[in-house]
Amino acid sequence: MKLPRKKLTASVPAFAMGDIGFLLLIFFVILARAQDDSHIQWQPAKLADIKMAAAPLATVAIDSGFKTYLDGKEISPDELAGALSSVLGDAPSGQRNVFLKVHKEAKASHFEPVIAAISEAGGDLVHILEPEEISTNP
Amino acid sequence: MKLKRGKMLVDPPASASSDIAFILIIFFLVCAAVQPETGLAQVLPKTEEKKEQREQSKNIEVSITPTSIVLNGSPLQLPEFTRRINAALQKKTRDADRIVVVKSAPNTPYPIWIRVSQVIEQAGGILTLEMESKRTITVE
């Protein structure tokens, strides 16, 4: 004689759905917003009277070793204009923001070819800087 | 006579604490990742080879070195440079006349360069970089 086995049902608890949705949302927010250039060692120069910068299409950095990076990947200044043109694509003027992060000890021989390359690619250049504290001493 | 009602202690479910900690970690991660950045937008004309030498010579010329700023041949310090460039650009109305040709010594530090370029832009100048072109000559 065969005894019928009892069927066990496994259900996902519905109260966890909110948590799962929230975590997925945050995951995609991070993917969309964070460009991984955290490994680049640089210190910004200070300047007074600067504004908040809008979101960029690309980020170019010159690190403390004066190497050039495009979106976290090392690149030579000679190749930068071409690579940047393909990143910027057909984006309209005003939405072609390129962040330029230059280490404060860099010299003109390091950053001028990079600025020229951004200009050649038609990028809207935004220098990333640190706001300078204005001394209140009389 | 009033009877005191005994208070009942309710423990939050311990199984939720790991979820709470995880969400807090992600919250701080997001805060760190999407820090707003501050900067200076700069309008630069598209790079092109120097063709019209005569036209360029009419423009205001600024040379930047680590120790001084030279405006049309006169070496100045930043406050005096600010005053003179403002005065020079005030009279100019056409865009073509507001072009300021900037030539930097190779060892000019970035903080000095960015300060000078900010002054030029605030005065209404259109910054143009003059760079020495690289040429390789092979001698046999």
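Residue numbering restarts at 1 for every chain, and letters A, B, ... go by the order of the sequence lines.
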If you apply the rule side-chain contact (heavy atoms from CB on, under 4.5 Å), what do you find for Val126(A) with Glu37(B), and how did you get there?
CA-CA 10 Å; Val126(A) 181; Glu37(B) 289 182 287; over 6 Å; no
Check: Ala48(A) main-chain N/O paired with Gln118(B) side-chain donor or acceptor under 3.5 Å:
yes
Looking at every heavy atom in both Leu47(A) and Arg115(B), which two are closest together, and how far apart are they?
CD1-CG, 3.7 Å
Are Val87(A) and Val98(A) joined in one hydrophobic group, where the rule is that I, L, V, M, F, W and Y side chains link up if heavy atoms are under 4.5 Å apart?
yes
With a 4.5 angstrom heavy-atom cut-off, is it the side chain or the backbone of Lys46(A) that approaches chain B, or both, or neither?
backbone
When you group the ILVMFWY residues by side-chain heavy-atom contacts below 4.5 Å and let the links chain together, are Val70(B) and Trp113(B) in the same group?
no
In terms of heavy-atom pairs under 4.5 Å with chain A, the winner among Pro111(B), Pro66(B), Ala105(B) is Pro111(B)
As a test of understanding, state which of Lys107(A), His110(A), Glu112(A), His127(A) forms a side-chain hydrogen bond (donor to acceptor under 3.5 Å, both in side chains) with Tyr110(B).
His127(A)
Where does Pro44(A) contact chain B at under 4.5 Å (heavy atoms): side chain, backbone, both or neither?
neither
Between Leu100(A), Ile62(A), Leu125(A), who has the most heavy-atom pairs with chain B when the cutoff is under 4.5 Å?
Leu125(A)
Could you give the distance from CD1 (Ile115(A)) to OG (Ser117(B)), rounded to the nearest 0.5 Å?
7.5 Å
What part of Leu23(A) is in contact with chain B, defined as an atom under 4.5 angstrom from a non-hydrogen atom: side chain, backbone, both or neither?
side chain
Quick check on the interface: out of Asn97(A), Asp124(A), Leu129(A), who has the most heavy-atom pairs with chain B under 4.5 Å?
Leu129(A)
Go through the atoms of Leu40(B) and report whether side chain, backbone, both or neither lie under 4.5 Å from a heavy atom of chain A.
both
Considering residues, nucleotides and ligands other than Lys104(A), do more than 12 of their heavy atoms fall under 6.0 Å from its NZ?
no
